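Presented below is the structure to which this report refers.
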Amino acid sequence: MKQRLQERFAAAIEMLKRDGVLAPDQQVAVRFEHARQKQHGDFATNVALSLGKACRQTPRELAQLIIDALPAAPEIAKVEIAGPGFINVFLAAASQFNIVGTIRDAGNEYGRSNLGAGQKVIIEFVSANPTGPLHVGHGRGAAFGDSMARLLTATGFEVTKEYYVNDAGRQMDILAISVWLRYLELCGEQVTFPENAYQGDYIFDIAATVHREHGDRYRRPSDKLRTEIDDPDLESQLDALIQRAKILLGHEGYRYVLGVGLDALTADIRGDLEQFNVKFERWFSERSLLDDQRVDNAIQALARSGYVFERDRALWFRSTAFGDEKDRVVVRESGAPTYFASDIAYHLNKLERGFDRLIDVWGADHHGYLPRMKAALQAMEYDPDRLVVLLVQFAALYRGGEKVSMSTRAGEFVTLRELRREVGADAARFFYVQRKSEQHMDFDLDLAKSQSNENPVYYVQYAHARICSVFRQAAEKNIDTSDLGGADLSLLGESHEIALVNTLSRFPEVVENAAANYEPHRLAYFLRNLANDFHTYYNAHNFLGVAPGLRRTRLALIDATRQVLTIGLELIGVSAPDKM
RNA sequence: GCGCCCAUAGCUCAGCUGGAUAGAGCGUUGGCCUCCGGAGCCAAAGGUCAGAGGUUCGAAUCCUCUUGGGCGCGCCA
């Protein structure tokens, strides 16, 4: 409807240009917004206000000229000038109600658009290190990323969801040593478990699996584990322990233990996310980049740019040339590439796979990492704007008013699984996605659990279930609901019906805005509004107990409502139950 | 110290990229049909949009400064 109005007004503007009121080269964009108050009609534009100065007219005079030039249009009932020069448009009721038919004809397609025009987008999110179960902090990224993927798909992008598995590097070694030490304990060895290794119970489970399947095969005498290291630094001691383990177990044994841990945790995370209604097209291994020399290739590609140099026997990327705070190491003194180097390879790989836009969802603590990543792309002559990084702020956790730590190593976190079991995947997803991603979020676990019944998701789902219930009642009373398409929409007109229809008609616009701005929370708010409009209507009017003609019309309206609720909930990964 | 993010009702948050009288949920107070599901509906109270300047017809929204909070500044990932 907005677009229709824009066309009408553009025609009027053209007319004024021809009449010399406006300069022919004057750039004019007529923007409409939904009027907040009823007395201001349905849509309002400030075009006369913004143009007034350019043509030396007062805004109100110009508004009048525009209105006079406006072509006759059946959808417009009335046009008014208000305030300093707003033009308020009142729509003809009949043309508004047609949306009910449009929605029902479009079915599941309603709200979809071709904004993306088939552009290939890869969205990478969660990507938590596979060193422990996901905690509630990861849940926010998961809910956000997945909803974004759904929104982008609905708006005509070709979307691939990917999880980058950080299965290389020191964190993996710490995982391996943690598993192995617990395993040795099970074998009956006396070992001191370092406090900076992974403390979580899940490590025992993995160790137990190894012990059950292989007995003492990976057992080594614990006295050989002792390292003669004076360094009081716990991290250095841990590294020394890892070195001992590699020697004692041999390459294959060590790889085995590490692999068991990695596989177990990856599988755990994958299952957890599936229960959360999040599925990835691909789990991309960081190690595979190293194994296939793609990291080396990337470093060479970067070197060809001329922004790579050697210092202190390490290889550096001159990222400061592109605005980064300092230059960054890509190959360590030891010869091992940094995490940054494999990340460059990963992003290069995404570009080579033909994605037009790379979307990364990161925790806000990684924001300092963005300039160097963009710099790398720029150095290799890619447009850095093809990388879009969406930062999701931390969710500070509280339990009984106390802040809860979320350290994976210390094993002191609340898992996503726990949360899901307490409140359910639907409530958790809705709760997460309700918040704007760049907004800090206080997550009170006790509140989230105790209020599970007051979560707005139930309010929205209840609206859907209620509509389904009305149709069940209709069936019981042998009321024919098969020909809602033939409903006479001109019978609508109650204020609650107008409000509901207006909200329904805004849905495609909300989806587009949510996708274009990477703001799925808009959809959550829209759905709450829609549910509110419906509940209010439900309370004020009867659907089944009225004359057959009106009954059919109202059923068509609430059926369209049910459809939009289903589509909208689906877009944020929440179910639309028939009964609750 | 430098950089990024944030500050809106008692609490948790929206505010449609600068519009008209700043809105929801929770909590508080009062009300609702013997009828399609009361997980609902209606109403009231609650605000110096952190503070101060600036930009303009017009600012919660844009700019500067101040205050207060979160995060980052590794040859960790």
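Because the structure is predicted, anything quoted here is derived from the model rather than measured. Convention: sequence-line order gives letters A, B, ...; per-chain numbering from 1. Side-chain atoms are counted along with the backbone in the values below, which use heavy atoms only and exclude waters and symmetry mates.
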query: With sugar-phosphate meaning primed atoms plus P, OP1 and OP2, does N513(A) contact a base, only sugar-phosphate, or nothing at under 4.0 Å between heavy atoms?
result: sugar-phosphate

task: Would you indicate whether Q3(A), at its atom CD, is surrounded by more than 12 heavy atoms from other residues, nucleotides or ligands within a distance under 6.0 Å?
output: no

query: Taking atom types as they are modelled, is there a donor-acceptor pair under 3.5 Å from the base of A39(B) to the side chain of N455(A)?
result: no

Plane angle bin for W316(A) and F309(A) - parallel if under 30°, tilted between 30 and 60°, otherwise perpendicular: parallel

- prompt: Just to confirm, is there a sub-4.0 Å distance from OP1 or OP2 of G15(B) to any side-chain nitrogen or oxygen of H521(A)?
  reply: yes

field: Cation-pi check, R372(A) onto F317(A) ring (under 6.0 Å, within 45° of axis)
entry: no

message: Any side-chain N or O of R31(A) below 4.0 angstrom from OP1/OP2 of U17(B)?
response: yes

- request: Could you tell me whether F471(A) contacts a base, only the sugar-phosphate backbone, or nothing, with contacts defined as non-hydrogen atoms closer than 4.0 Å?
  value: nothing

- request: May I ask you to decide if the ring planes of Y346(A) and Y164(A) are parallel, tilted or perpendicular, using 30° and 60° as cut-offs?
  value: parallel

task: Can you run through RNA chain B from 5' to 3' and write each base as (, ), [, ], | or . depending on how it pairs? Watson-Crick or G-U wobble, both distances under 3.5 Å.
output: (((((.(..((((.....[...)))).(((((.......))))).....(((((..]....)))))).)))))....

P gap between G27(B) and A39(B), integer Å: 15 Å

- line: Here the distance between atom P of G18(B) and atom CZ of F86(A), to the nearest Å, is 14 Å

message: Would you say S342(A) and E286(A) are linked by a side-chain donor-acceptor pair, where the criterion is simply a distance under 3.5 Å?
response: yes

message: Between C49(B) and A22(B), how far apart are the two C1' atoms, rounded to whole Å?
response: 8 Å

query: Which whole-number value in Å describes the distance from N532(A) CG to G40(B) P?
result: 11 Å

statement: M580(A) has its side chain closest, among C5(B), G37(B), C16(B), to G37(B)

- prompt: Expressed as a whole number of Å, how far does the C1' atom of A43(B) sit from that of A50(B)?
  reply: 32 Å

field: Of L391(A) and Y525(A), the one whose closest RNA chain B nucleotide lies more 5'
entry: L391(A)

Side-chain polar contacts of residues 538-548 of chain A - donor-acceptor pairs under 3.5 angstrom, sequence neighbours left out - could you list them?
from, atom 1, to, atom 2, distance (Å)
N542(A), OD1, L544(A), N, 3.2
N542(A), OD1, G545(A), N, 2.9

query: Taking CZ from F32(A) and C1' from C16(B), how many angstroms apart are they, rounded to a whole number?
result: 16 Å

task: Between G18(B) and G58(B), how far apart are the C1' atoms? Round to whole Å, please.
output: 8 Å

statement: To the nearest angstrom, the NE2-C1' distance between H464(A) and A39(B) comes to 16 Å

- request: Using a 4.0 Å heavy-atom cut-off across all strands, classify A465(A) as base, sugar-phosphate, or nothing.
  value: base

U21(B) base / Q39(A) side chain donor-acceptor hit below 3.5 Å: yes

ring-ring contact (aromatic ring centres under 6.0 Å, His included) against H40(A), all qualifying residues, sequence neighbours excluded: none

Value in whole Å for how far the P atom of U34(B) lies from CG of N542(A): 14 Å

Chi-based syn or anti call at U17(B), which uses purine or pyrimidine torsion atoms and a 90° bound: syn

field: salt bridge (Lys or Arg N to Asp or Glu O under 4.0 Å) contacts touching residues 332-348 of chain A (sequence neighbours left out)
entry: R313(A)-E333(A)

message: Each nucleotide in nucleotides 72-77 of chain B should get exactly one letter: B, S or -. Can you fill that in based on protein heavy atoms under 4.0 Å?
response: SSSBSB

message: Set out, in order, the CA-CA distance, both residues' side-chain angles and the distance that settles ring-ring contact (aromatic ring centres under 6.0 Å, His included) for F144(A) and Y432(A), then state yes or no.
response: CA-CA 7 Å; F144(A) 174 77; Y432(A) 278 126; over 10 Å; no

query: Given atom CD of Q434(A) and atom C1' of G23(B), what is their separation to the nearest angstrom?
result: 14 Å

query: Does the pair D173(A) and K246(A) meet the rule for a salt bridge (charged side-chain N to carboxylate O under 4.0 Å, His left out), with working shown?
result: CA-CA 9 Å; D173(A) 288 326; K246(A) 284 183 177 170; 3.7 Å; yes

task: Identify whether any heavy atom of A540(A) sits under 4.0 Å from a base atom; if not, whether one sits that close to sugar-phosphate; answer base, sugar-phosphate or nothing.
output: nothing

R318(A) charged N/C atom sitting above F322(A) aromatic ring, 6.0 Å / 45°: no

message: Does H496(A) reach a base, just sugar-phosphate, or nothing at all? Heavy atoms under 4.0 Å.
response: nothing

- prompt: Taking atom P in both U34(B) and G15(B), what distance in whole Å separates the two?
  reply: 41 Å

message: Show me the pairs that pass salt bridge (Lys or Arg N to Asp or Glu O under 4.0 Å) and involve residues 502-517 of chain A, at least two apart or across chains.
response: K2(A)-E509(A)

message: Whether N46(A) contacts A20(B) is assessed here as follows: a side-chain N or O lying under 4.0 Å from the phosphate OP1 or OP2. Is that the case?
response: no

task: Using the P atom on both, measure A60(B) against G53(B) and round to a whole Å.
output: 14 Å

field: Sugar-phosphate, base or nothing in reach of S469(A), heavy atoms under 4.0 Å
entry: base

query: Expressed in whole Å, how much space separates the P atoms belonging to C57(B) and G74(B)?
result: 47 Å

- request: Measure from the side chain of L544(A), starting at C-beta and using heavy atoms only, and say which of A20(B), A14(B), C36(B) lies closest.
  value: C36(B)

- request: Give one of base, sugar-phosphate or nothing for N517(A), where a contact means two heavy atoms less than 4.0 Å apart.
  value: base

message: Taking any heavy-atom pair under 4.0 Å as a contact, classify Y459(A): base, sugar-phosphate, or nothing.
response: sugar-phosphate

- request: Would you classify E509(A) as touching base, sugar-phosphate or nothing, given that sugar-phosphate means primed atoms plus P, OP1 and OP2, and contacts are heavy atoms under 4.0 Å?
  value: nothing

query: For the pair made of CG in L500(A) and C1' in G40(B), what is the distance, rounded to whole Å?
result: 15 Å

field: Integer-rounded Å distance: C13(B) P and F430(A) CZ
entry: 15 Å

C1'-based separation of G19(B) from U61(B) [nearest Å]: 11 Å

